[in-house]
Amino acid sequence: MALGIDDIDETQAPLLDHLIELRARLVRCVLALLVAFGVCLYFADPILGFLIQPLKGAFADGQGQLIFTKLYEVFFVELKVALFAGFCISFPFIANQLWAFVAPGLYANEKKAFLPFLLATPLLFIAGAALAYYIVMPTAFTWFLGFEGAVGGLEVEALPTANEYLGLVMQFILAFGICFLLPVLLLLLHRAGIVSREQLAGARRYIIVGVIALAAIVTPPDPGSQLILAVPLLLLFEGSLLIMRITERKNRCQDKADDKGEQPATGA
């Protein structure tokens with residue numbers, strides 16, 4: 001017969017092995033997340049206390065409080081805190097498992113090309129999260145609390161709930177951390193040949209407008225927070241263009257060297 005069963009089995013066996021390996025690595029990732037979640041749940045109060053510090057610093061000394069309007073609200077807040085912190089702690093292990101699954105299918109030069117992006121991703125995310133926690137959130141919360149006071153003969157006082165505050169903090173950290181991955185995205189697109197440095201440089205004015213619009217969406221409606229996000233993003237964009245220029249120049253030099261090495265020697 002033209003189609004033999006042996007050929008089908010030979011093509012299916014490697015796929016089945018890959019699926020089994022993928023399942024095993026996903027199980028390890030889930031177990032790592034569950035272990036980190038359990039540890040963080042035990043330390044949920046100190047972690048929540050750490051996340052509260054930007055709001056505490058925005059209030060005057062001895063003032064300010066977090067309230068909860070539902071009896072079960074604080075319990076679910078601690079679950080969210082533990083899950084969020086557990087994912088952050090277990091992410092290096094999860095990323096390592098994904099890389100270990102993908103790496104055997106890559107050539108040596110491809111591994112060398114993608115490894116810097118793999119290392120830069122958590123560093124840039126941490127940098128964005130640190131900017132949000134130490135600079136943006138204290139500035140934004142101080143601005144928000146500035147609306148307290150007497151209005152129409154009534155006292156307006158800020159009484160944030162624990163659940164709403166935690167949601168706002170997670171929005172800040174995730175938004176800034178993900179936005180700081182812009183260089184990784186641009187450099188990957190450039191290396192894949194989808195966009196060129198000239199195209200990005202030519203679209204600079206549109207990218208500036210897009211960055212400002214993105215900063216206005218993911219940050220509170222105060223100009224300070226928007227500038228604190230927009231300026232680093234623009235600097236990261238310009239840094240990405242500089243890295244692309246250096247990479248292109250290095251590739252051109254390498255191509256010239258290879259061309260010279262391939263030229264046939266002429267006899268005397």
Side-chain angles (χ1 to χ4, degrees), residues 33 35-94 121-149 155-182 214-233 235-236:
L33 179 59
V35 171
F37 169 75
V39 174
C40 293
L41 184 60
Y42 182 79
F43 296 100
D45 286 341
I47 296 174
L48 182 58
F50 174 77
L51 296 177
I52 288 175
Q53 293 307 308
L55 180 63
K56 180 182 177 182
F59 278 108
D61 293 338
Q63 298 183 8
Q65 59 180 328
L66 280 179
I67 66 173
F68 60 97
T69 58
K70 300 180 180 66
L71 292 177
Y72 54 82
E73 182 173 343
V74 176
F75 171 72
F76 283 103
V77 165
E78 292 190 350
L79 289 180
K80 291 180 182 179
V81 168
L83 183 60
F84 181 69
F87 177 76
C88 293
I89 293 175
S90 61
F91 178 77
F93 179 82
I94 295 174
T121 298
L123 295 178
L124 288 174
F125 185 89
I126 292 174
L131 178 65
Y133 180 84
Y134 290 105
I135 298 179
V136 178
M137 286 194 289
T139 303
F141 296 159
T142 302
W143 185 78
F144 288 149
L145 293 178
F147 291 98
E148 287 186 318
E155 190 70 21
V156 177
E157 184 180 0
L159 294 174
T161 66
N163 187 47
E164 291 177 350
Y165 175 75
L166 177 62
L168 185 61
V169 169
M170 293 174 62
Q171 177 185 345
F172 268 112
I173 293 177
L174 291 176
F176 275 75
I178 293 174
C179 287
F180 265 57
L181 299 181
L182 175 65
L214 178 64
I217 293 173
V218 302
T219 60
D222 64 295
S225 300
Q226 296 172 10
L227 288 176
I228 292 174
L229 177 59
V231 172
L233 284 181
L235 292 177
L236 290 172

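The heavy-atom pair separating L227 from P232 by the smallest distance is O-CD, 4.0 Å. The heavy-atom pair separating L181 from L124 by the smallest distance is CD2-CB, 4.0 Å. Between A132 and P138, the shortest heavy-atom contact is O-CD, 4.3 Å. Nearest heavy-atom pair across V81 and A44 is CG1-O, 4.1 Å. When every heavy atom of G86 is checked against every heavy atom of C40, the shortest pair comes out as N-SG, 3.6 Å. A pairwise comparison of heavy atoms in L33 and S90 identifies CD1-OG, 3.6 Å as the closest pair.
Here the straight-line distance linking atom CE of M137 with atom CD of Q171 works out to 11.0 Å at 0.5 Å rounding. Taking CG of L48 as the start and NZ of K80 as the end, the distance is 12.0 Å to the nearest 0.5 Å. With values rounded to the nearest 0.5 angstrom, I135 atom CD1 is found 12.0 Å from L229 atom CG. The distance from atom CG of L159 to atom CD of E148, rounded to the nearest 0.5 Å, is 8.0 Å. Taking CZ of F176 as the start and CD1 of I228 as the end, the distance is 7.0 Å to the nearest 0.5 Å. From T69, atom OG1 reaches atom CD of E164 across 7.5 Å, with rounding to the nearest 0.5 Å.
Side-chain contact between L174 and F125 is present, with at least one heavy-atom pair separated by less than 4.5 Å. Counting heavy atoms from C-beta outward, L66 and T161 have side chains that stay 4.5 Å or more apart. The side-chain heavy atoms of L131 and F180, taken from C-beta on, include a pair separated by under 4.5 Å. Under the 4.5 Å side-chain criterion, counting only non-hydrogen atoms from C-beta, V156 is not in contact with F147. Residues L214 and C179 have side chains in contact (heavy-atom distance under 4.5 Å, counting atoms from C-beta outward). Taking the side chain as every heavy atom from C-beta outward, L41 and L79 approach each other to under 4.5 Å. Annotation: side chain of I173 is in contact with side chain of F84 (closest heavy-atom distance under 4.5 Å).
Other residues, nucleotides and ligands contribute over 12 non-hydrogen atoms within 6.0 Å of the CZ atom of F59. The neighbour count for L71 CG, taken as heavy atoms of other residues, nucleotides or ligands under 6.0 Å away, does not exceed 12.
Between F37 and F87, a ring centre-to-centre spacing not shorter than 6.0 Å is recorded. Checked against the 6.0 Å centroid criterion, the rings of F141 and Y165 qualify as a close aromatic pair. The distance between the ring centers of F76 and Y72 falls below 6.0 angstrom.
The main-chain N or O of V74 is never found under 3.5 Å from a side-chain atom of E78 such that the two would form a donor-acceptor pair.
In this model, no donor atom of one side chain and acceptor atom of the other lie less than 3.5 Å apart for N163 and K70.
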### Residues Y133, F172; criterion ring pair (Phe, Tyr, Trp, His ring centres under 6.0 Å); working and verdict
CA-CA 8 Å; Y133 180 84; F172 268 112; over 10 Å; no

